[in-house]
Peer 1: 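Before I ask anything, let me first share the structure, which is written out below as structure tokens.
A note on names: the letters A, B, ... follow the listed sequences, proteins ahead of strands, and every chain is numbered from 1.
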There are 2 protein chains.
Amino acid sequence: MAFLFDKITMNDKDLLLKLLEATTFTFKKHTNILTSLKKDNIVGVVESGRVQIIRNDYDGNRVIIDELNQNDVFGTMISSMIGDNYDIIVKEDNTKIIIIDYSNITNFNSTQYNFFNQFIKNLLVITTDKIVEKNDRIEVLTQKSIRDKLLEYFRIISEKKGGKTFDIPFSFTELAEYLGVDRSAMSRELKNLKDEGFIKVVNKRVTLLY
Amino acid sequence: MAFLFDKITMNDKDLLLKLLEATTFTFKKHTNILTSLKKDNIVGVVESGRVQIIRNDYDGNRVIIDELNQNDVFGTMISSMIGDNYDIIVKEDNTKIIIIDYSNITNFNSTQYNFFNQFIKNLLVITTDKIVEKNDRIEVLTQKSIRDKLLEYFRIISEKKGGKTFDIPFSFTELAEYLGVDRSAMSRELKNLKDEGFIKVVNKRVTLLY
DNA sequence: TGAAAACTGTTGCAATTGCAACATATTTAT
DNA sequence: ATAAATATGTTGCAATTGCAACAGTTTTCA
């Protein structure tokens, strides 16, 4: 997995964060990070813990837009979220987040600091990886039936892990949100897939039987 | 809109493209670019013309993953597409595409070339913009009904344009693919929205009446 | 220009889905 | 340890949707 401070020494990282005026925050579980931020165009790095980017529909539906663990990077589009029913919710106590003002990155004059170049290259790799992830999800979401959404989702995970057995990194409630379908309807369709012998499900472990 | 060669002089651009061993191709309409490429991890820039990134389902459904016009950037995840039913289809005659090997960008040592830094910053901005676009589409796709998908899609366009009237940049056939729904069912729901007085549609011009 | 291809609008119908409303089970927080 | 909060599994039912099959229109291109 791409890491934002790859190929940058510890010392250079510290200097870089100072030059970019980065700040580290520690959050309690359930905190909504957005309300704690002053700037609206930032890059966030999860130093430890876990957060989710959520959108709440006008009609009460939740959508998990992103799920972020240690070393994951988010942000740079926060400005488009403010006042638009987005939440960035901390899912673990003592989650530590590094916040960098995005304009400090794009305006940074790197001629004197070699490692900045590596930093921005890393950031580029991470954002392109993220596009691939989004494309995967779009592929899943454009399937027409719940069955096809599940099978497409399983196919993609299975392909990544390189095997017919894998763990779902979600609760079933969250999986339904990820797929954009009703939880109970998904539950029913999972049962159908099991009964018809397409898959085996034990806890969060799925095995494709075809 | 972010432009890959922003703040880079014409001369520097030419030098940059030479240093990155970029190649320009000219394609005829209907060409599938992927089959013409040797490398599988590239950045493409549409110099002129129009292309679409399409995925064909196993069951014959098309999904428009991306739609690219002049100056748009694509690629960097092509490797994950090969053999996975993706097509990059040229939609206009004489479409010109600049192809850059992605590894030439990440491995480039920029200490001697100042403008490379600007280039990679531009690329970063473009990819983050693209993430915002993907998030928009995900938001649309996670709506549960065709009606809500349409309204959410209209809401986002309307918000961008800053007005209740706007043009749909798709054919209706393509819009249905973008929304991941059946074309005729979408057609029916559009009619319902019109009949119920929520929207007005003249050709590709939509007006929100609420 | 003229034929072929692509797009659009419409409708009946069967299949799928969301929703609501439960009962249990599991996890979290004090 | 216990109460509260979340998550899970299930089902009936009404509403929505995909699909198929048309006819008519517009666009493409040789």
Peer 1: What's A:Lys149 touching, base or sugar-phosphate or nothing? Going by heavy atoms closer than 4.0 Å.
Peer 2: nothing
Peer 1: Identify which nucleotide among C:dA29, D:dA21, D:dT17 has an atom closest to any side-chain atom of B:Arg188, counting heavy atoms from C-beta outward.
Peer 2: D:dT17
Peer 1: Under the salt bridge (Lys or Arg N to Asp or Glu O under 4.0 Å) test against A:Asp66, which residue among A:Arg137, A:Lys134, A:Arg55 passes?
Peer 2: A:Lys134
Peer 1: Between B:Tyr178 and B:Phe170, how do the two ring planes meet: parallel, tilted or perpendicular, split at 30° and 60°?
Peer 2: tilted
Peer 1: So does B:Asp195 pair up with B:Lys191, basic N to acidic O under 4.0 Å?
Peer 2: yes
Peer 1: Less than 4.0 angstrom from a charged side-chain N to a carboxylate O is my criterion; do B:Arg155 and B:Glu152 meet it?
Peer 2: yes
Peer 1: So, does B:His30 get its side chain near the phosphate of D:dC29, meaning an N or O under 4.0 Å from OP1 or OP2?
Peer 2: yes
Peer 1: Give a yes/no answer on whether the side chain of B:Lys204 brings an N or O atom under 4.0 Å of OP1 or OP2 in D:dT26.
Peer 2: no
Peer 1: 5'-most contact on DNA chain C: A:Gly180 or B:Ser187, nearest heavy atom basis?
Peer 2: B:Ser187
Peer 1: Pick base, sugar-phosphate or nothing for A:Lys29, based on heavy-atom distances below 4.0 Å to the nucleic acid.
Peer 2: sugar-phosphate
Peer 1: Whole angstroms only, please: what is the CG-P distance between A:Leu190 and C:dT16?
Peer 2: 15 Å
Peer 1: Looking at D:dT10, C:dT17, C:dC7, which one has an atom nearest to any side-chain atom of A:Ile146?
Peer 2: C:dT17
Peer 1: Can you say whether a donor on the side chain of B:Ser184 sits under 3.5 Å from an acceptor on the base of D:dA20, or the other way round?
Peer 2: yes
Peer 1: Does C:dT8 have its OP1 or OP2 closer than 4.0 Å to a side-chain nitrogen or oxygen of B:Thr173?
Peer 2: yes
Peer 1: Distance check needed: C:dA5 P versus B:Lys91 NZ, whole Å only.
Peer 2: 16 Å
Peer 1: If the plane angle is over 60° it's perpendicular, under 30° parallel, otherwise tilted; pick one for A:Phe3 and A:Phe5.
Peer 2: perpendicular
Peer 1: Rounded to whole Å, how long is the line connecting atom CG of B:Asp148 with atom P of D:dA15?
Peer 2: 16 Å
Peer 1: Given atom CE of A:Met186 and atom P of D:dT8, what is their separation to the nearest angstrom?
Peer 2: 8 Å
Peer 1: Could you state the CD1-P distance from B:Ile54 to C:dA6, rounded to the nearest angstrom?
Peer 2: 13 Å
Peer 1: Output yes when at least one side-chain N/O atom of A:Lys144 is less than 4.0 Å from OP1 or OP2 of C:dT17, else no.
Peer 2: no
Peer 1: Can you tell me the distance, in whole Å, between the CD atom of B:Gln143 and the P atom of C:dC19?
Peer 2: 11 Å
Peer 1: Would you indicate which nucleotide in C:dA29, D:dT8, D:dG18 comes nearest to any side-chain atom of B:Ala185?
Peer 2: D:dG18
Peer 1: Would you mind reading off the distance between A:Asp182 atom CG and D:dA15 atom P, rounded to a whole angstrom?
Peer 2: 16 Å
Peer 1: Under 3.5 Å, is there an N or O donor on one side and an acceptor on the other linking the side chain of A:Arg183 and the base of D:dG9?
Peer 2: yes
Peer 1: Is the ring pair A:Phe166/A:Phe154 parallel, tilted or perpendicular, if the boundaries are 30 and 60 degrees?
Peer 2: tilted
Peer 1: Measure from CD1 on B:Ile168 to P on C:dC7 and round the result to the nearest Å.
Peer 2: 15 Å
Peer 1: Let me know, please, whether B:Val181 or A:Phe172 comes out on the 5' side of the other along DNA chain D by nearest nucleotide.
Peer 2: A:Phe172
